[in-house]
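A short worksheet on the structure shown next.
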Amino acid sequence: MSARHGRTLVSLLLAVGALGLAHGQEWSAPNPYRTAPEAQRAAMLTQGQTAYAQHCARCHGAAARQPSAEAPDLRRLNSFCLKLQDGRLAQRCQQDVDAYYSQSVQEGKVRAGVIHMPAWRDTLAPATAWAIQLFVEAQPKPQPRISTSVDAAQGH
């Protein structure tokens, strides 16, 4: 394949990714946009902000800042992972967060027979859900509520 055709193929793939994947396509984890090229990442942040406002803000609040038992502060999802200094451990932690996020978005949250969050599997394309997560992760982190063993180990 020539370099020109290779660049065209990459551009096409980025455009398809920016538009969102078809419903029903497999969810890839970890979030494929977290390490995407800057132009694609910026486009996905914009898409995530729009989709968040449409689908999530009502319960989770503007910019993911609604702390309540039913709709937790989404900015905290990966805050523990960000404190880890061991790169491999931090990567594994983020993979766990991505798996939790993916399952939560796809299946929703039901406790004691009460739907606290609907399943979005049939509503959101995986690319849109990952774009929402990217948007949430870009929001300023709140102050920690309590110290963790990681904080204590680092002298905080």
Pairs satisfying salt bridge (charged side-chain N to carboxylate O under 4.0 Å, His left out), at least one member in residues 30-40, at least two apart: Arg34-Asp98, Arg34-Glu137

Any donor-acceptor pair under 3.5 Å linking the side chain of Asn78 with the backbone of Gln94? no

Can you name the nearest heavy-atom pair linking Ala131 to Met44, along with the distance? CB-O, 3.3 Å

Going by side chain to side chain donor-acceptor pair (under 3.5 Å), name the residues that satisfy it together with Ser79, two or more places apart in sequence or in a different chain. none

Sorted by chain and residue number, the side chain to side chain donor-acceptor pair (under 3.5 Å) partners of Gln106 (sequence neighbours excluded) come out as Trp27, Ser102

For residues 85-125, the disulfide (SG to SG under 2.5 Å) pairs (sequence neighbours left out) are Cys81-Cys93

Other than Val110, which residues form its hydrophobic cluster under the rule that side-chain heavy atoms must be closer than 4.5 Å? Ile115

List the residues meeting side-chain contact (heavy atoms from CB on, under 4.5 Å) with Glu107, not counting sequence neighbours, and say none if there are none. Gln103, Arg121

Determine, using the 4.5 Å side-chain heavy-atom cutoff (strictly less than), whether Leu74 and Tyr100 are members of one ILVMFWY cluster. yes

What is the ring orientation for Phe135 with Tyr52, classed by angle as parallel under 30°, tilted 30 to 60°, or perpendicular over 60°? tilted

For a quick test of reading the model, state the closest non-hydrogen atom pair linking Thr123 to His55 and the distance between them. CG2-CE1, 4.4 Å

Between the side chain of Thr46 and the main-chain N/O of Ala42, is any donor-acceptor distance below 3.5 Å? yes

Tell me whether Val97 shares a hydrophobic cluster with Leu82, the cluster being built from Ile, Leu, Val, Met, Phe, Trp, Tyr side chains joined at under 4.5 Å. no

